[in-house]
2 protein chains.
Amino acid sequence: MSQTESALQQVLEWGRSLTGFADEHAVEAVRGGQYILQRIQPSLRDNSARTGRDPQDETLIVAFYRELALLFWLDDCNDLGLIAPEQLAAAEQALGQGMPCALPGFEGCAVLRASMAALAYDRRDYAQLLDDTRCYCAALRAGHAQAAGAERWSYAEYLHNGIDSIGYANVFCCLSLLWGLDMAILRARPAFRQVMRLISAIGRLQNDLVGRDKDRLAGEVDNAAILLLQRYPDMPVVEFLNDELAGYARMLHRVMAEERFPTPWGPLIETMAAIRTQYYQTSTSRYRNDAARRGQRTPV
Amino acid sequence: MSQTESALQQVLEWGRSLTGFADEHAVEAVRGGQYILQRIQPSLRDNSARTGRDPQDETLIVAFYRELALLFWLDDCNDLGLIAPEQLAAAEQALGQGMPCALPGFEGCAVLRASMAALAYDRRDYAQLLDDTRCYCAALRAGHAQAAGAERWSYAEYLHNGIDSIGYANVFCCLSLLWGLDMAILRARPAFRQVMRLISAIGRLQNDLVGRDKDRLAGEVDNAAILLLQRYPDMPVVEFLNDELAGYARMLHRVMAEERFPTPWGPLIETMAAIRTQYYQTSTSRYRNDAARRGQRTPV
């Protein structure tokens, strides 16, 4: 069995302890996680002399994939109603506090949080991961409520929430926790926090642009393109959002060029900025409205 | 002579030491500054037991008005080319470093900076005022260059720059410096920095919406409404920007309700959020395209 297959098996096995967990969550987590880790591997190797954290360490890699799978599962729990609202509330509580889940069927939450606490290179990253998880869950809930018609958001409000609901803060924090990327120190720099906001906005817009056909067919309105088109039918929404995306990329490159962030932050941010073509667009299940998906033909 | 007339005279007198300074800069500064100070006067009075700073202190009031007049003058130096580029660069350098100006004709820069340094309740506010001034000048320059066709900005890039070029950071910092509003401490809170960004975005959009007819007639493109309409002729730009404005106001109210900022920050932020109807829309020269302005009739 290859290292990838072995890691996938371990994510799937862990996922069995989460009600509603699907194979797709594990598969997408490994696919996305592997893309990120492969791109930053040389930098992680450079860092390993200082941190003692091997980029090839299977325990660390599996923990990273599980955290990503968790993010996908939480997303679908909100959007697809995989579990009952009170179950979701209990799971969120457990994940955000690092406590056992009050309801049965979610043992994986406490297992993952305990392993993250044990693996943390810097304990402050673990505290931040809990905080980021609370933010992510709150943003998913708010996005879902807005889409259900509870509120009528402006584009800015949508994006403000979308910066949290894309979950990149969790991804970065998890990498920092596992491979010692010093996020607790970097976060004190305003420019670093700005980079976090910019790359998250980029991820949100990339995700929404790639997923708009799928979301539209699914009747999903928690998507920037769909929200804008509903509100302003004459607006050239895709052109506008692509211009926005290009603008955020220019702003990101400007601040990355001005500030010198330590290894591996340069390659890591570049990797995330390129995720549209490398990850979202190659998805056959989660993001693209692929005609061949699950053997169904969908109207074009 | 009333206190207002006396203050105006002192701003005009100081302005004589700045090449290109116009009466309008002083008049608008007193009109806007008075609006702000009147609204927060009860809170400043509550604070005065702690700070020893009287809200009616003429020296403090005149210093505030002069700083506002300086912001208007700098804005027009960029947009209307009141002075030569090398003069502007020297004046900006002096204002941002708190040094005498290298060129003659700008003695008011060093005079104002020296008085701010002497009046600072907390010395850190003076350092921040210099920093904010550098940011403001850089944003004015960038906005002017973009409008001249040097770059093609996205809406997000425009707004990112517009948050600095509206100058609200300078206004708040100046108030804090003069009346001891503890901004140096508050700035450590992420929610406070978010409030600064939100109220500045609100100010920028209000300013651009009120000023769009005037800017359009002047051929000015450094305005969100004009920039969007040029790029997307079918977009309902005013509706979009008014929705954005309402969204920023909701986000601002949410964070202001969740966080408890000390006196006078609540009334001060409310005052600034209401500035559209109280200040921009009542302007007969600076923001509105008033038919009666300077005796000219402009096409409608």
Side-chain angles (χ1 to χ4, degrees), chain A residues 128 131 135 138 142 146 150-164 169 187-198 200-202 204-205 224 227-255 258, chain B residues 128 131 135 138 142 146 150-164 169 187-198 200-202 204-205 224 227-255 258:
Chain A
Q128 185 66 45
D131 197 27
C135 254
Q146 187 266 157
E151 278 182 276
R152 197 185 127 98
W153 278 350
S154 68
Y155 170 66
E157 283 172 297
Y158 173 82
L159 211 55
H160 179 76
N161 192 70
I163 279 173
D164 288 337
R187 215 178 270 107
R189 290 166 63 177
F192 184 81
R193 294 191 303 268
Q194 195 196 348
V195 164
M196 291 294 105
R197 281 196 300 272
L198 291 171
S200 295
I202 288 169
R204 171 47 61 203
L205 293 178
L227 178 141
L228 286 172
L229 210 54
Q230 279 194 337
R231 193 81 46 87
Y232 318 104
D234 295 332
M235 183 172 170
V237 164
V238 172
E239 189 191 345
F240 173 79
L241 292 177
N242 274 318
D243 288 345
E244 284 287 276
L245 197 47
Y248 280 114
R250 285 190 293 269
M251 286 195 271
L252 179 66
H253 291 144
R254 206 171 303 135
V255 58
E258 281 167 13
Chain B
Q128 185 66 44
D131 196 27
C135 254
Q146 187 267 156
E151 279 182 278
R152 193 184 131 98
W153 277 350
S154 68
Y155 170 65
E157 282 170 297
Y158 172 82
L159 210 55
H160 179 76
N161 192 71
I163 279 174
D164 288 337
R187 217 180 268 105
R189 290 166 64 176
F192 185 80
R193 294 191 305 267
Q194 194 196 348
V195 163
M196 290 294 106
R197 283 196 299 272
L198 291 171
S200 295
I202 288 169
R204 170 47 61 202
L205 293 178
L227 178 140
L228 286 172
L229 209 55
Q230 279 193 336
R231 193 79 47 86
Y232 318 104
D234 295 332
M235 184 172 168
V237 163
V238 173
E239 189 191 345
F240 173 79
L241 292 177
N242 274 319
D243 288 344
E244 285 286 277
L245 197 47
Y248 281 114
R250 285 190 294 268
M251 288 193 271
L252 179 67
H253 291 144
R254 206 172 303 136
V255 58
E258 281 167 13

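Proteins come first, then strands; the chains are lettered A, B, ... in the order of their sequence lines, and each starts at number 1.
- Looking at B:R193, only its side chain comes within 4.5 Å of chain A, counting heavy atoms on both sides.
- If you look at B:Y232 and A:Y232, their ring centroids are not closer than 6.0 Å.
- If you measure heavy-atom distances from B:L245 to chain A, you find no contacts under 4.5 Å at all.
- Between A:F240 and B:F240, the ring-plane angle classifies as perpendicular under the 30° and 60° cut-offs.
- Of the inter-residue distances, the one linking A:M251 atom CE with B:H160 atom NE2 reads 6.0 Å to the nearest 0.5 angstrom.
- Of the atoms belonging to A:L159, not a single heavy atom falls under 4.5 Å from chain B.
- Minimum heavy-atom separation, A:E239 to B:R231: OE2-O, 4.2 Å.
- In this structure, chain B has a heavy atom under 4.5 Å from the side chain of A:R254, while its backbone stays farther away.
- The shortest non-hydrogen separation linking A:S154 to B:E244 is CB-OE2, 3.6 Å.
- Residue contact with chain B, scored on non-hydrogen atoms closer than 4.5 Å, is absent for A:A246.
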